[in-house]
Structure formats: C-alpha cells, structure tokens
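Worksheet for the structure shown next.
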Amino acid sequence: MISIQDRIVLITGASSGIGEACAKIFARGGAKLILAARRLERLDRLAKKLAETGAIASANDIYLIELDVRDRSQVEAAVNLLPDNWKAIDILINNAGLSRGLDKLHEGSFSDWEEMIDTNVKGLLYVTRYIVPGMVDRGCGHIINIGSIAGRAAYPKGNVYCASKAAVRAISEGLKQDLLGTPVRVTEIEPGLVETEFSNVRFHGDAEKAKNVYQGLTPLTAEDVADVVYFCATRSPHVNISEVLLVPTDQATATLVYRKSP
Ligand code: NDP
Ligand code: 8X3
C-alpha cells in the first residue's frame, strides 16, 4: 500500500454522490484535493465540512474549481490557471457524469443524448487530455475513470447512456495501452446500482421514479465505490488494477436484480 499523504488528487463531479465520497476518503488519507463541479456552492459546503471535521488539515489543502467539463475552453483554462503548487496532479478521478432519460432510442430526446455524450465522453476526454501530459512528463500519475456496469452490455432504454459508458471503457483500455512504458496507471471502475442523485437526475427531478430504482434491494452507497477507488489508488506502484466491476449483492447484471416484495 502506498501513502496518499500530500498527493494532489483532482476529482470531477465532487459536488455529490461518488465524487463527494471520494473527496472525503482521500481527505482522510491526507491528500490535497482539487474539487471540480458546476455547483460551486456545494463544493464550498463540502470544503467547509472537511475542514470542520478535521479531515483536511487546513484550507490550503483544498482547491475548488467551478467547472463544466463539457466546455473544452473552460477545462483548458482551469488546468492552465492552476497555481504552481497545485499543478502536479498525481491522481485524476474522472467521475463527472450523468444519465438523462430512460427512453426507447427511436423516441429519445436529442438534448438528453447530447448532454450525456458531451459530459460522459467528451468531458472525460477533455479533462484527461489536459492533465495526462503533465503526468507523463513527471513520470508519475494515475487516472481513475468511473465507468458503469452499463458500459458492459446495453439494457432496454439505456441505449445512449450505455453507449457513453462503453466509450469510457474503450477510452480507459486505449489510454492504458498508450501509456504503456510510462509509470502512469489507468483504472476503470464499473459500479452497478449506487443510490445517489443519479436517478433523480436521470428522471429530471422525479423523486418517486428515482426512489423506485432502488426499491426492494440494498444498493451500493457512494462510500462503497469510493472505498474501491481508494484501494486502487493505494496499491504499490507496480500494480495496475485495470478494471473493477462492483455491484450490490442483490444485482447480477444491469437487468438481473433481486428485489424483495414489499
Ligand atoms: P450524482 O448525480 O450524485 O453526481 C454526479 C456528479 O457529476 C455531480 O457532482 C455533478 O456536479 C457532476 N457533473 C454532472 N455534469 C457535470 C458537468 N457537465 N461538469 C462537471 N460536473 C458535472 O451521481 P453519481 O455520484 O452516482 O455519479 C457519478 C458517476 O458515477 C457518473 O459518471 C455516473 O455515470 C457513474 N455511475 C453511477 C452509478 C449509480 O448507480 N449512481 C452507477 C455506475 C456509474 P454538478 O451538477 O455540480 O456539476
Ligand atoms: C448507472 C448504473 O444500471 O443505472 O451507471 O445504468 S445503471
């Protein structure tokens, strides 16, 4: 196991769910955190909580960025404008992502498709493209992409979300191949059902529909996923965990789920 003390960790989508849980566990490990998301007020709140609970030693150990990963020029500026003492990012957690809608492909919404592809695929690519060259130059780094069980096989009405996560899987595999011969590591984590704001976002704020997704089973928590992210990041430098499929005990595949009747 390697220490995370004073490592610089950039987490996209840190304002909620898995990203927020990653911020907490890496803070407890002594990391310096760069937290990015569109909702800066949420990041502010999280930073205050981490300071109050003593998870981070001082406000100097955390740097917040209001960032929409879909906007390439914003991503470029955010990386280029990092203060010198924050530039040497050791671990990049590409977590920002979302699903929008659950519709048959031929009835799908163009704006939902664009939002998913722009965030989950293009956003992840932009952030990776601007950060990985520094890792290669410094001879040190780890990219951890949050994919999904949805990237392994499509499920009915999942079409474009599943495609976006299949892309994350292919991009992670390709990046690992392209970084071969460097010490930079690449991991893709593929969670199954995790109860976060994910389904609320998917159903455009319909809380009832969102709740039903987890009805009758014990889903993963954001902390369960963050635990695995942390485990992968703290292996010895010669160990690269390339892929982890992580599901609730009540889930076998994206569509095969055991639910207790009410
Ligand atoms: P949440 O909705 O709780 O969190 C999503 C995060 O992504 C938020 O912090 C949000 O921040 C951020 N985000 C969304 N769009 C953008 C954007 N354009 N720019 C920057 N940040 C953005 O969901 P989860 O924590 O569950 O999702 C995290 C990741 O895990 C996603 O990639 C998701 O696909 C994946 N995943 C989730 C599973 C689940 O069942 N929950 C299972 C498998 C994978 P903000 O809105 O402030 O920008
Ligand atoms: C989120 C898990 O099964 O809702 O990626 O697509 S699922």
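Atoms considered below: every heavy atom in the structure, side chains included; atoms not considered: hydrogens, waters and symmetry mates. Quick caveat: nothing in here was measured; it's all calculated off a predicted structure. When a ligand or atom number is given, it counts from 1 through the structure's own listing order.
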Check: When you look at Lys32 and Asp61, which way does the salt bridge (Lys or Arg N to Asp or Glu O under 4.0 Å) test go after all the steps?
Finding: CA-CA 5 Å; Lys32 293 178 183 293; Asp61 289 339; 3.0 Å; yes
Next item on the list: Start with the C-alpha gap between Arg42 and Glu197, add the side-chain angles, then the distance that decides, and say whether salt bridge (Lys or Arg N to Asp or Glu O under 4.0 Å) holds.
Entry: CA-CA 13 Å; Arg42 288 268 203 123; Glu197 294 175 19; 3.0 Å; yes
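Using a cut-off of 4.0 Å between Lys/Arg side-chain N and Asp/Glu carboxylate O, Glu41 and Lys48 are scored as not salt-bridged. Using a cutoff of 4.0 Å between basic side-chain nitrogens and carboxylate oxygens, Arg152 and Glu243 are scored as salt-bridged.
Within ligand 1, counting atoms from 1 as listed, the ones closer than 4.0 Å to a heavy atom of Tyr161 are 33 (C), 34 (O), 36 (N), 44 (C). Residue Ser148 has at least one heavy-atom neighbour below 4.0 Å for each of these atoms of ligand 2: 1 (C), 2 (C), 5 (O). Taking a cut-off of under 4.0 Å to the non-hydrogen atoms of Arg70, the atoms of ligand 1 that pass are 18 (N). Each of the following atoms of ligand 2 lies closer than 4.0 Å to a heavy atom of Tyr161: 1 (C), 5 (O), 6 (O). Those atoms of ligand 1 with a heavy atom of Gly17 less than 4.0 angstrom away are 3 (O), 25 (O). Within the listing of ligand 1, atoms 17 (C), 18 (N), 19 (N) sit less than 4.0 angstrom from a heavy atom of Asp68. Below 4.0 Å from some heavy atom of Val194 lie the following atoms of ligand 1, by number and element: 38 (C), 39 (C), 40 (O), 41 (N), 42 (C). The ligand atoms of ligand 1 that sit less than 4.0 angstrom from a heavy atom of Ser15 are 8 (C), 9 (O), 10 (C), 11 (O), 45 (P), 47 (O).
Using a 4.5 Å heavy-atom threshold, the side chains of Leu125 and Ile171 count as touching. Considering only heavy atoms from C-beta on, Leu50 comes within 4.5 Å of Ile62 through its side chain.
Heavy atoms of Ala150 found under 4.0 angstrom from ligand 2 belong exclusively to the side chain.
At the shortest separation from atom 3 (O) of ligand 1 among protein heavy atoms lies Ser16 OG, 2.5 Å. At the top of the distance list for atom 22 (C) of ligand 1, counting protein heavy atoms only, stands Ala96 CB, 3.7 Å. Scanning all protein heavy atoms for the shortest distance to atom 46 (O) of ligand 1 gives Arg38 NH2, 2.9 Å. Scanning the protein for heavy atoms near atom 25 (O) of ligand 1, the closest one is Ile18 N, 2.8 Å. Of the protein's heavy atoms, Pro191 O, 3.3 Å lies nearest to atom 43 (C) of ligand 1. When only non-hydrogen protein atoms are considered, atom 19 (N) of ligand 1 lies nearest to Val69 N, 3.0 Å. Of the protein's heavy atoms, Phe198 CD1, 3.9 Å lies nearest to atom 37 (C) of ligand 1. Atom 26 (O) of ligand 1 has Thr196 OG1, 2.6 Å as its closest protein atom, hydrogens excluded (heavy atom only).
The distance criterion of under 3.5 Å between nitrogen or oxygen atoms is met by Tyr155 with respect to ligand 2. Looking at Ile149 next to ligand 1, no N or O pair under 3.5 Å apart turns up. Looking at ligand 1, you won't find any N or O of Ala37 less than 3.5 Å from one of its N or O atoms. Of the N or O atoms in Val201, none lie within a sub-3.5 Å distance of an N or O in ligand 1.
Side-chain contact, Tyr126 with Arg70: no donor N or O sits under 3.5 Å from an acceptor N or O. One side chain, Ser172 or Asn145, offers a donor N or O that lies under 3.5 Å from an acceptor on the other. Donor-acceptor pairing under 3.5 Å is lacking for the side chains of Thr253 and Tyr155.
One distance of note links CG of Asp206 with NZ of Lys211; it measures 12.0 Å at 0.5 Å rounding. Ser16 OG to Leu98 CG: the interatomic distance, rounded to the nearest 0.5 Å, is 11.0 Å.
A cation-pi arrangement is not found for Arg100 relative to Tyr161, the charged atom failing to lie both closer than 6.0 Å to the ring centre and inside a 45° cone about the ring normal. No cation-pi contact links Arg28 to Phe26, judged by a cut-off of 6.0 Å to the six-membered ring centre and 45° from its axis.
Residue contacts with ligand 1 leave out Glu190, since none of its heavy atoms falls under 4.0 Å from the ligand.
Nearest to atom 42 (C) of ligand 1 by heavy atom, out of Gly192, Ser148, Gly147, Gly19, is Gly192. Counting only non-hydrogen atoms, the option in Leu67, Ile11, Leu98, Leu43 that gets closest to atom 20 (C) of ligand 1 is Leu67. When the heavy atoms of Ile146, Ile65, Asn95 are ranked by distance to atom 32 (O) of ligand 1, first place goes to Asn95.
Partners of Asp112 under the salt bridge (charged side-chain N to carboxylate O under 4.0 Å, His left out) rule, at least two apart in sequence or in another chain, do not exist in this structure.
A side chain to side chain contact (heavy atoms under 4.5 Å, CB included) with Cys232 is found for one member of Val239, Ile189, Asn240 and no other, namely Ile189.
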